[in-house]
Peer 1: 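So that we are looking at the same thing, I have put the structure below in structure tokens.
Start at 1 with the first residue, then count along the sequence.
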Amino acid sequence: VWGFDDSTLYYLKMDNQHRPFQVWRRTVGKASGGKSGADGGDELLFEERDELFWVGVERTLDGKFVVISAASSETSEVHTVDLEKAAAAAAVNAGTAVSAASAAAA
């Protein structure tokens, strides 16, 4: 999913069971900060460690938010990242999330 400025990409990573469990953010053209590997300077925004949950990511129709969802067969949760403030927000605050972006949405 592309971010607000079309230079930021939000994407999923799979675990060993091919379950989407992490949401990452990559800024195209951003230096990797000396990190090696495919992730370079990518930033982990959300991680769902419960193997019963699958993670999804999409952009709202108005283009103002990225929606991160985690769902199992019995329940689900949704978190939002305000794309106009995404640069300041480190990560989504939830379950096993990494920091605080949806705290303002709560």
Peer 1: Q22 and side-chain hydrogen bond (donor to acceptor under 3.5 Å, both in side chains): which single residue from K13, R49, E47 fits?
Peer 2: E47

Peer 1: Would you mind listing every side-chain hydrogen bond (donor to acceptor under 3.5 Å, both in side chains) that reaches into residues 56-67, with sequence neighbours excluded?
Peer 2: T60-D62

Peer 1: Side-chain heavy atoms nearer than 4.5 Å, only ILVMFWY residues, links allowed to pass through others: does that put V57 and V81 together?
Peer 2: yes

Peer 1: For E74, does the CD atom have more than 12 heavy-atom neighbours from other residues, nucleotides or ligands under 6.0 Å away?
Peer 2: no

Peer 1: If you measure from CD on E84 to CG on D82, what distance do you get to the nearest 0.5 Å?
Peer 2: 5.5 Å

Peer 1: Hydrophobic clusters here meaning ILVMFWY residues chained together by side-chain heavy-atom distances under 4.5 Å, can you tell me if I68 and L12 are in one?
Peer 2: yes

Peer 1: For the atom pair OG (S72) and CD (E77), what is the distance rounded to the nearest 0.5 Å?
Peer 2: 9.5 Å

Peer 1: Tracing side-chain links under 4.5 Å among I, L, V, M, F, W and Y, which residues wind up in one group with F53?
Peer 2: L52

Peer 1: So which atom in V28 and which in W2 form the shortest heavy-atom distance, rounded to 0.1 Å?
Peer 2: CG2-CZ3, 3.9 Å

Peer 1: If you group Ile, Leu, Val, Met, Phe, Trp and Tyr by side-chain heavy-atom gaps below 4.5 Å, do W54 and L45 land in one group?
Peer 2: no

Peer 1: Taking only residues two or more places apart in sequence or in another chain, which ones pass side chain to side chain contact (heavy atoms under 4.5 Å, CB included) with S69?
Peer 2: V78

Peer 1: What pair of heavy atoms forms the shortest contact from R19 to E51, and how long is it?
Peer 2: CD-O, 3.5 Å

Peer 1: Is there a path of hydrophobic side-chain contacts, each under 4.5 Å between heavy atoms of I/L/V/M/F/W/Y residues, joining L83 to V23?
Peer 2: yes

Peer 1: How about R25 and T8: do any of their side-chain heavy atoms sit closer than 4.5 Å?
Peer 2: yes

Peer 1: Going by the rule side-chain hydrogen bond (donor to acceptor under 3.5 Å, both in side chains), which residues pair with S76 if we only count those two or more places apart in sequence or in a different chain?
Peer 2: none

Peer 1: Which atom names give the shortest non-hydrogen contact between L44 and W24, and what distance separates them?
Peer 2: N-CE3, 3.4 Å

Peer 1: Heavy atoms only: give me the nearest G3-Y10 pair and the separation to one decimal.
Peer 2: CA-CE1, 3.9 Å

